[in-house]
Amino acid sequence: MKKHNFSAGPSILPTSVLQKASEAVVDFNQSGLSLIEISHRSAPFVDVMESARSLSLELLGLENKGYQALFLQGGASMQFIMTAYNLLENKAGFLNTGTWSNNTIKESKNFGKVVEMASSKEANFSYIPKGYEIPQDLDYVHVTSNNTIFGTQLHDFPSVSPLVCDMSSDIFSRTLDFSKFDLIYAGAQKNMGPAGTTLVIVKEDILGKVSRSIPSIMDYRTHISKGSMFNTPPVFPVYVSLLTMQWLKDLGGIKAIEIENQRKADLIYSTIDQLDAFNGYAAKEDRSFMNATFTLAEGAKGDQFNDMLKSAGINGLNGHRSVGGYRASMYNALPYESVVVLAEVMNEFNRKGM
Ligand SMILES: *Cc1c(COP(=O)(O)O)cnc(C)c1O
């Protein structure tokens, strides 16, 4: 039986997507060939890549607005480097809201001056800093929209340009004016597909402004000019990402999934707040709709709670080691019913006063 999968990443994908993907591995569209044994330059795969690139822009409302979509390798972590390689000439500004932003800052220092505009490190990243000043002379500003580990999320974004955003764990989950961003990147394995590819959406006019020479594979312009086929792309992750995006489009797109995601978040947070046995981790106004972090009021009862989770078929609820406690990741593909099951377990645990 399918488990209730709250894994933080790699994470749940729609069952229909897994089914189609597994069929394509054996026989892709009745071609007599597997998706993963054909040339990436063959017409059927070029069609997959082009569909994935255009559908990602369509879902975000960014078609015909000067953006290009790329499916690259190296994970979101490679984008910590590529963003700075391509954009950082003198100085860039960073909002330090968690482990991933912290890593971006660290890597960007290899390329230029880094201004940490604000940080919530002193409170173990349990909130999003606000009211900070943004220097005038920055090449760009980098933010992380959703802090997967700590369970906080930016509900407002700085009005600056160029704005670069790591959306690895909340891409396609909520409506935003995506045209406010000049570069968006997202590792596929949280809300889109298997590990192995990273979606990069870049506004072309921000490129080509740094004086350094950039190795071909690190240069966004190379990938744009080659239609995201500079070298062999990760064919299977790109295909599964396409299937997930098609699933989302059929559901009604980001607008429709946002309503579901809001329902799931409302249920988990109201459960945490109502029950004495649990404490929310993140500041209420900064809570993430994707990753809800919480702890037990009495940590010593962890074994009992874990047993109850296991019997209910709940997977992946353990918090990240830097926060402890629990984390319910409620990505697009997680059904509302799974959150209902988790809330029931939490209520029962509370009732029994275990
Ligand atoms: C998971 C995650 C990353 C790291 O992604 P990799 O693909 O493993 O490099 C970066 N940023 C955020 C927000 C994440 O959730």
Side-chain angles (χ1 to χ4, degrees), residues 8-9 60 75-171 173-187 190-191 198-203 206 281-291 293 320 322-323 327:
L60 298 171
S77 298
M78 179 76 100
Q79 294 311 309
F80 302 164
I81 296 159
M82 276 181 82
T83 46
Y85 222 140
N86 284 264
L87 304 173
L88 181 47
E89 176 82 359
N90 296 306
K91 211 198 287 184
F94 295 80
L95 194 56
N96 191 358
T97 54
T99 307
W100 301 119
S101 344
N102 206 56
N103 290 356
T104 314
I105 291 168
K106 183 175 159 235
E107 297 300 338
S108 303
K109 283 180 182 161
N110 289 306
F111 300 92
K113 279 204 197 102
V114 159
V115 182
E116 198 172 296
M117 302 180 303
S119 167
S120 50
K121 200 172 189 170
E122 88 290 348
N124 201 25
F125 300 115
S126 58
Y127 72 98
I128 302 290
K130 296 168 198 78
Y132 49 90
E133 264 183 46
I134 302 175
Q136 289 297 310
D137 54 347
L138 300 174
D139 295 330
Y140 62 95
V141 165
H142 181 285
V143 297
T144 309
S145 55
N146 185 67
N147 299 284
T148 326
I149 293 175
F150 301 93
T152 62
Q153 193 170 31
L154 264 70
H155 298 300
D156 292 299
F157 289 85
S159 308
V160 281
S161 178
L163 182 59
V164 175
C165 187
D166 177 357
M167 286 195 194
S168 291
S169 52
D170 66 352
I171 185 108
S173 73
R174 56 171 168 165
T175 54
L176 287 173
D177 178 0
F178 293 98
S179 69
K180 283 188 176 158
F181 301 90
D182 298 277
L183 193 152
I184 295 167
Y185 61 90
K190 310 283 167 47
N191 221 359
T198 305
L199 173 61
V200 175
I201 307 272
V202 58
K203 202 165 191 186
I206 67 166
Y281 178 77
K284 282 192 184 175
E285 71 273 18
D286 302 322
R287 282 174 164 176
S288 163
F289 296 165
M290 293 276 95
N291 314 92
T293 44
H320 190 272
S322 52
V323 178
R327 166 173 53 169

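Just so it is clear, the values below take in all heavy atoms, side chains as well, and ignore hydrogens, waters and symmetry mates.
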Item to complete: Mind running side chain to side chain contact (heavy atoms under 4.5 Å, CB included) on Lys130 and Glu285 for me, showing each step along the way?
Response: CA-CA 11 Å; Lys130 296 168 198 78; Glu285 71 273 18; 4.0 Å; yes

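- Of all the heavy atoms in Leu138 and Ala92, the pair that sits closest is CD2-C, 3.8 Å.
- Side chains of Asn291 and Thr148: no donor on one and acceptor on the other come within 3.5 Å.
- Using a 4.5 Å heavy-atom cutoff, the side chains of Thr198 and Met78 are not in contact.
- A 4.5 Å side-chain heavy-atom check between Ile201 and Phe178 finds every atom pair outside the cut-off.
- Looking at residues two or more places apart in sequence or on another chain, you find a ring-ring contact (aromatic ring centres under 6.0 Å, His included) between Phe111 and Tyr85.
- Residues Trp100 and Ile149 meet the side-chain proximity criterion, which asks for heavy atoms closer than 4.5 Å.
- Around atom NZ of Lys180, no more than 12 heavy atoms belonging to other residues, nucleotides or ligands sit under 6.0 Å away.
- Here the OG-CD1 distance, from Ser145 to Ile171, works out to 8.0 Å after rounding to the nearest 0.5 Å.
- When all heavy atoms of Gly112 and Leu88 are compared, the closest pair comes out as N-CD2, 3.6 Å.
- How far CG of Asn147 is from OG of Ser288: 8.0 Å, rounded to the nearest 0.5 Å.
- Atom NZ in Lys203 sits 6.0 Å away from atom CG in Asp182 (nearest 0.5 Å).
- Summarising the geometry, atom CG belonging to Asn146 is positioned 9.0 Å from atom NZ belonging to Lys190; distances are rounded to the nearest 0.5 Å.
- Side-chain atoms of Ser126 never come within 3.5 Å of backbone atoms of Tyr281 as a donor-acceptor pair (strictly under, hydrogens ignored).
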Name each donor-acceptor pair under 3.5 Å that joins a side chain in residues 153-162 to protein atoms two or more places apart or in another chain, with its distance.
{"unit_1": "Gln153", "atom_1": "OE1", "unit_2": "Phe289", "atom_2": "N", "d": "2.9"}
{"unit_1": "Gln153", "atom_1": "NE2", "unit_2": "Asp170", "atom_2": "OD2", "d": "2.9"}
{"unit_1": "His155", "atom_1": "NE2", "unit_2": "Arg287", "atom_2": "O", "d": "2.8"}

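- Under the salt bridge (charged side-chain N to carboxylate O under 4.0 Å, His left out) criterion, Asp137 pairs with Lys91, not counting sequence neighbours.
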Practice prompt. Go through Asn110 and Ile81 one step at a time and tell me if the side chain to side chain contact (heavy atoms under 4.5 Å, CB included) criterion holds.
Written response: CA-CA 9 Å; Asn110 289 306; Ile81 296 159; 6.0 Å; no

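- Thr144 approaches His142 most closely through the heavy-atom pair OG1-CE1, 4.0 Å.
- For Lys109, there are no salt bridge (charged side-chain N to carboxylate O under 4.0 Å, His left out) partners, not counting sequence neighbours.
- The minimum heavy-atom distance linking Gly187 with Ala76 is given by the pair N-CB, 4.3 Å.
- Nearest heavy-atom pair, Thr104 versus Phe94, reported as atom, atom and distance to 0.1 Å: CG2-CE2, 3.9 Å.
- Using a 4.5 Å cut-off on side-chain heavy atoms (C-beta onward), Met290 and Ser173 make contact.
- The closest side-chain heavy-atom distance from Val143 to Thr97 is not below 4.5 Å.
- In this structure, Glu122 and Ser119 approach most closely via the heavy-atom pair OE1-O, 3.4 Å.
- Under the salt bridge (charged side-chain N to carboxylate O under 4.0 Å, His left out) criterion, Asp139 pairs with no residue, sequence neighbours left out.
- The shortest distance between side-chain heavy atoms of Phe150 and Thr293 does not fall below 4.5 Å.
- Expressed to the nearest 0.5 Å, how far CD1 of Ile128 lies from CG of Asn96 amounts to 10.5 Å.
- In this structure, the side chains of Val323 and Phe125 stay at 4.5 Å or more apart for every pair of heavy atoms.
- Annotation: the span from Leu199 atom CG to Leu60 atom CG amounts to 7.5 Å, rounded to 0.5 Å.
- Looking at residues two or more places apart in sequence or on another chain, you find no side-chain hydrogen bond (donor to acceptor under 3.5 Å, both in side chains) involving Asn90.
- Using a 4.5 Å heavy-atom cutoff, the side chains of Met82 and Tyr185 are not in contact.
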